Amino acid sequence: MTKSYPLILVDGSSYLFRAYHALPKLTNSRGEPTGALVGVLNMLRKLRDEHRPERIAVVFDAPGKTFRDDLYPKYKANRPPLPDDLREQIEPLLTVIRAMGLPLVVVPDVEADDVIGTLAMRAAEAGLDTLVSTGDKDLAQLVDERITLVNTMSDTFLDREAVKAKFGVAPERIVDLLSLTGDSVDNIPGVAGCGPKTAAKWLAAYGDLDGVIAHADEIKGKAGEGLRAALEQLPLARELTKIRCDLALDFGPDDLHPGEPDVVALRDWYTRLEARRLLETLPDDDAVANEAPQYDLVLDEADFEAWLTRLAGADLFAFDTETTSLDYMRAELVGVSFAIEPGRAAYVPLAHAYPGAPDQLGRDSVLARLKPLLEDPRRAKVGQNLKYDMSVLARYDIHLVGIAHDTMLESYVLDSTATRHDMDALAKKYLGRETISFEAVAGKGAKQLTFDQVPLETAGDYAAEDAEVTLGLHQALWPRLEAVPSLAGLYREIEMPLVPVLSRMERTGVRIDRDLLAAQSRALTKRIQALEEQAYAAAGRPFNLGSPKQIGAIFFDEKKLPVVAKTPSGAPSTSESVLERLAADGYELPSLILEHRRLAKLRSTYTDKLPQMINPATGRVHTSYHQAVAATGRLSSSDPNLQNIPIRRDEGRQIRRAFVPEPGHRLLAADYSQIELRIMAHLSGDERLLAAFAAGQDIHRATAAEILGLSPEDVTGEQRRSAKAINFGLIYGMSAFGLARQLGIERGAAQDYVDRYFARYPGVRAYMDRTRAQAHEDKYVETLFGRRLYLTDINHSNQGRRAGAERTAINAPLQGTAADVIKRAMIAVDDWIERERPPVRLIMQVHDELVFEVAEDRVDEAAEPIRQAMEGAAELAVPLLVDIGVGGDWDEAH
DNA sequence: GCCCACCCGTAC
DNA sequence: GACGTACGGGTGGGCC
């Protein structure tokens with residue numbers, strides 16, 4: 001094609017129908033109809049590539065009545081309703097056309113033909129040649145010296161001469177010809193017995209339609225009779241057929257310059273449509289990725305709508321919230337950011353409030369429109385620590401679903417020993433990219449701003465980058481994860497499904513009896529004060545009982561007490577074991593300090609702190625569970641830490657009485673019995689250990705009996721205690737030296753115990769040897785569910801470092817498998833709760849224990865499903881046993 | 001006033 | 001030196 005056209009007008013509606021009927025009914029693999037849509041897109045691409053027009057518009061009919069309906073109520077009455085599988089393709093088509101950068105024209109209450117006629121005429125007046133691309137013969141009436149028709153699907157051009165050749169009349173007579181022949185699709189009757197040939201003949205003979213009408217009497221035959229019968233309606237047919245070229249449009253040809261294609265959106269759409277040919281027309285991924293990122297600050301409806309459309313078409317999008325607080329229970333939403341492709345992201349500020357802040361889209365209206373997307377399980381989202389975003393959104397009644405990926409967890413599963421899994425660290429590690437720190441935009445210390453006070457320019461870059469980097473990280477991390485099927489399985493089956501469970505558990509929180517803790521604090525204060533006075537008297541001067549340094553000065557400098565042990569930094573230790581030793585030697589002060597430390601610890605860490613952590617809105621304490629902290633796969637808890645509430649000593653245990661249910665409810669505590677030893681039995685396959693668990697024996701008693709050659713009933717309490725220390729020591733990779741210290745016995749005696757243990761449990765020894773050897777070989781160990789823990793020090797030249805790594809190698813598979821098991825149990829139990837909606841809430845996890853708040857009258861029926869979920873969480877060679885207790889507080893539930 | 005290392009103690 | 005995994009309070013020193 002050599003001739004160039006300054007304006008191309010595309011009859012989009014005609015092509016859509018032609019494509020729908022002419023092309024096979026294709027669908028993509030999701031079952032969405034795509035045939036007509038892709039057909040039209042291919043045609044548009046071809047048209048644009050061949051002509052590279054300066055101006056172009058794709059014109060569609062607008063829904064609604066037109067002037068033709070007013071002229072003729074039966075207009076288009078024969079037309080069947082739009083098939084559903086065609087209707088569904090219209091909106092996506094319009095969206096993709098916009099993304100292609102092609103001006104889209106839909107004028108309310110006007111048909112595409114008339115818009116095209118008017119625009120072509122205006123162009124002609126301005127001296128511009130127009131190419132009208134259509135599949136509809138009616139438009140032949142527009143053809144003249146400046147207007148040419150093309151059917152891009154069949155590649156046929158119609159200029160004046162071609163129109164004459166094809167229809168037998170000049171373009172000026174096309175309206176007359178069509179009036180005579182009629183149009184069954186538009187329900188314009190025409191003349192019975194008169195087809196295009198006859199009509200052309202008549203028009204050639206009598207000049208035009210008026211001439212034909214004037215000479216109607218002269219025409220013979222069936223067609224002549226038809227003509228005479230149709231005379232009255234022919235003027236109306238002409239009115240209906242004639243394309244209007246005089247519409248009052250508020251735009252003209254010069255408003256129709258094509259824009260830059262949105263390659264990112266197009267790639268998503270073409271991918272979704274599975275249109276490979278179209279995908280190939282787009283520039284390479286790399287070319288896009290290497291461009292400077294484009295961050296949109298979305299402040300108006302049009303931009304937001306455009307992003308909504310992009311998100312709706314994306315297979316996966318990255319998502320992030322900006323808020324006023326790290327505390328998910330207090331955080332107010334300040335903005336949201338999105339990315340659908342590295343290099344392209346947007347920030348939608350919603351509630352930035354500082355002097356001179358620009359108007360922003362309303363939070364409620366934005367959230368209302370995001371809600372369907374965020375709650376749609378088929379719309380896949382990726383985020384960094386999405387548990388946080390999920391909890392924040394829940395406060396706005398948005399229940400995030402479709403959490404497909406979390407980059408923090410991808411990183412954690414790939415390497416749990418990495419110290420940090422935050423976005424900044426990951427961007428540096430995996431993308432070689434330095435990101436904007438929160439501190440850089442919000443400042444730090446007392447001058448730190450909340451995010452709503454951060455100016456939009458910097459906030460936008462920061463927030464959009466968060467989403468964009470998250471997507472980039474996912475693209476870097478996911479292939480690495482997929483390359484190791486066991487890790488991918490762990491991620492998919494355990495870590496990702498756990499995210500909503502933890503979010504719910506955190507938001508539920510736990511009720512705390514503030515008054516009880518306050519009373520305990522007062523009682524502790526009295527005792528602490530008394531101890532201080534006694535200590536000052538014993539020391540001969542006042543000092544800070546909380547300062548190991550001052551204690552050291554008094555003990556080892558002033559009173560010349562023996563140094564029992566030193567701290568790692570070389571200072572004389574004042575640890576519990578040291579003080580106990582000194583107390584046993586008859587000194588008074590050490591036991592006073594020990595007592596003081598215990599009480600001060602309880603007061604500062606628990607009885608004073610927990611009431612401060614009560615959320616005023618819920619009256620409950622909401623901890624944070626961290627899913628990417630502990631290298632073994634365990635969770636950790638902070639703010640407050642609910643996983644180290646005292647239990648071993650009675651004084652401390654009282655604090656658990658302050659963990660209470662709502663009125664009408666009970667606490668139910670379910671803990672695994674000896675889970676790590678059972679896992680050791682399973683992993684080692686040791687026959688005696690397996691047999692002991694199979695028989696339901698008290699495992700520490702059985703161990704004592706084996707080591708000492710007694711029958712279980714003859715084992716004393718002291719002997720059982722020693723065996724228990726051995727069992728735990730094994731789990732921690734303890735040496736005979738450590739055991740001796742633990743039990744306060746000679747090293748030789750401890751070694752004797754260890755030897756006898758391994759003689760009776762040879763499978764355990766073999767397992768430990770095997771594990772160590774494997775660790776040296778692989779530089780990592782794994783849990784039963786494939787979780788890996790890397791041991792960088794396993795071949796270290798330093799003996800201490802190497803020994804430490806070996807202990808970790810022994811401990812990690814046991815601790816880590818237990819963590820896997822309880823995580824699976826949590827997912828199962830949450831699934832039951834969400835499915836059956838019993839009056840049961842999961843409120844705490846403490847490594848081998850789950851705590852529930854249950855309606856008082858439903859405790860009995862809750863216990864069994866909980867037990868089944870927990871005991872069924874893994875299929876081991878030994879039974880998994882769960883002990884369940886119920887009470888009016890957490891202490892009582894044990 | 002803020003930050004951090006250190007020591008110590010709580011849990012499983 | 002010697003028992004694994006966490007969190008966090010108080011002290012005390014350094015820094016701004």
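A quick note: this is a predicted structure, and the numbers were derived from the prediction, not measured. The chains referred to below are lettered A, B, ... by the order of the sequence lines, with proteins before strands, and numbering in each begins at 1. The basis for the numbers below is simple: all heavy atoms, side chains too, and nothing from hydrogens, waters or symmetry mates.
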- Query: Got a salt bridge between Arg720(A) and Asp698(A), using NZ or NE/NH1/NH2 to carboxylate O under 4.0 Å?
  - Reply: yes
- Message: Taking Asp891(A) first and then Arg656(A), would you say they form a salt bridge - that is, a charged N and a carboxylate O separated by under 4.0 Å?
- Response: no
- Message: Counting neighbours of CZ on Arg770(A) that are heavy atoms of other residues, nucleotides or ligands and sit closer than 6.0 Å, is the number greater than 12?
- Response: yes
Using the 3.5 Å cut-off, write out each protein N or O paired with an N or O of nucleotides 9-12 of chain B and the distance between them.
from, atom 1, to, atom 2, distance (Å)
dG9(B), OP1, Arg597(A), NH1, 2.7
dG9(B), OP2, Glu576(A), N, 2.9
dG9(B), N2, Lys601(A), NZ, 3.3
dG9(B), N3, Lys601(A), NZ, 3.1
dT10(B), OP2, Arg649(A), NH2, 2.6
dT10(B), O2, Asn644(A), ND2, 2.9
dA11(B), OP1, Ile647(A), N, 2.5
dA11(B), OP1, Arg648(A), N, 2.8
dC12(B), O3', Asp848(A), OD1, 3.1
dC12(B), O3', Asp848(A), OD2, 3.3
dC12(B), O2, Arg634(A), NH1, 2.7
dC12(B), O2, Arg634(A), NH2, 2.8

- Position toward the 5' end of DNA chain C (nearest nucleotide), Ser636(A) or Thr808(A): Thr808(A)
- Specify whether Phe728(A) and His700(A) have parallel, tilted or perpendicular ring planes, treating 30° as the upper limit for parallel and 60° as the lower limit for perpendicular. tilted
- Query: Ser735(A) has a side chain; which of dC7(B), dA2(C), dA6(C) sits nearest to it?
  - Reply: dA2(C)
- Query: Could you give the CE-to-C1' distance, from Met768(A) to dG4(C), as a whole number of Å?
  - Reply: 11 Å
- Item | Integer-rounded Å distance: dG9(C) C1' and Gln612(A) CD | 12 Å
- Query: Are Arg747(A) and Phe737(A) in a cation-pi contact, defined as NZ or CZ under 6.0 Å from the six-membered ring centre and within 45° of the axis?
  - Reply: no
- Message: Can you confirm whether the side chains of Gln845(A) and Gln643(A) place a donor and an acceptor under 3.5 Å from each other?
- Response: yes
- Message: Between the side chains of Glu576(A) and Arg581(A), is the shortest nitrogen-to-carboxylate-oxygen separation below 4.0 Å, so that they form an ion pair?
- Response: no
- Check the distance between dG9(C)'s C1' and His596(A)'s NE2 and give it to me in whole angstrom. 13 Å
- For Ala819(A), report the nucleic acid contact type (base, sugar-phosphate, nothing); a contact means any heavy atom under 4.0 Å. nothing
- Message: In this structure, how many angstroms lie between the C1' atom of dG9(C) and the CG atom of Asp639(A), rounded?
- Response: 13 Å
- Item | Residue among Leu642(A), Ile614(A), Thr623(A) satisfying side chain to side chain contact (heavy atoms under 4.5 Å, CB included) with Val510(A) | Leu642(A)
- Query: Which part of the nucleic acid does Gly729(A) contact within heavy-atom distance under 4.0 Å: base, sugar-phosphate only, or nothing?
  - Reply: nothing
- Query: Rounding to a whole Å, what distance do you find between Lys609(A):NZ and dG10(C):C1'?
  - Reply: 13 Å
- Query: Does Asn544(A) or Arg741(A) map to a spot on DNA chain C nearer the 5' end, using the closest nucleotide for each?
  - Reply: Arg741(A)
Protein-nucleotides 13-16 of chain C N/O pairs closer than 3.5 Å?
from, atom 1, to, atom 2, distance (Å)
dG13(C), OP1, Lys549(A), NZ, 2.6

- Message: Quick check on dC8(B): is either OP1 or OP2 less than 4.0 Å from any side-chain nitrogen or oxygen of Ser573(A)?
- Response: yes
- Hey, would you say the Tyr328(A) and Tyr388(A) ring centroids sit under 6.0 Å apart? no
- Query: Could you state the CD1-P distance from Ile528(A) to dG9(C), rounded to the nearest angstrom?
  - Reply: 15 Å
- Separation of Met680(A) atom CE from dG4(C) atom C1', in whole Å? 13 Å
- Task: Specify the separation, in whole Å, of atom CZ of Arg807(A) and atom P of dA2(C).
- Result: 7 Å
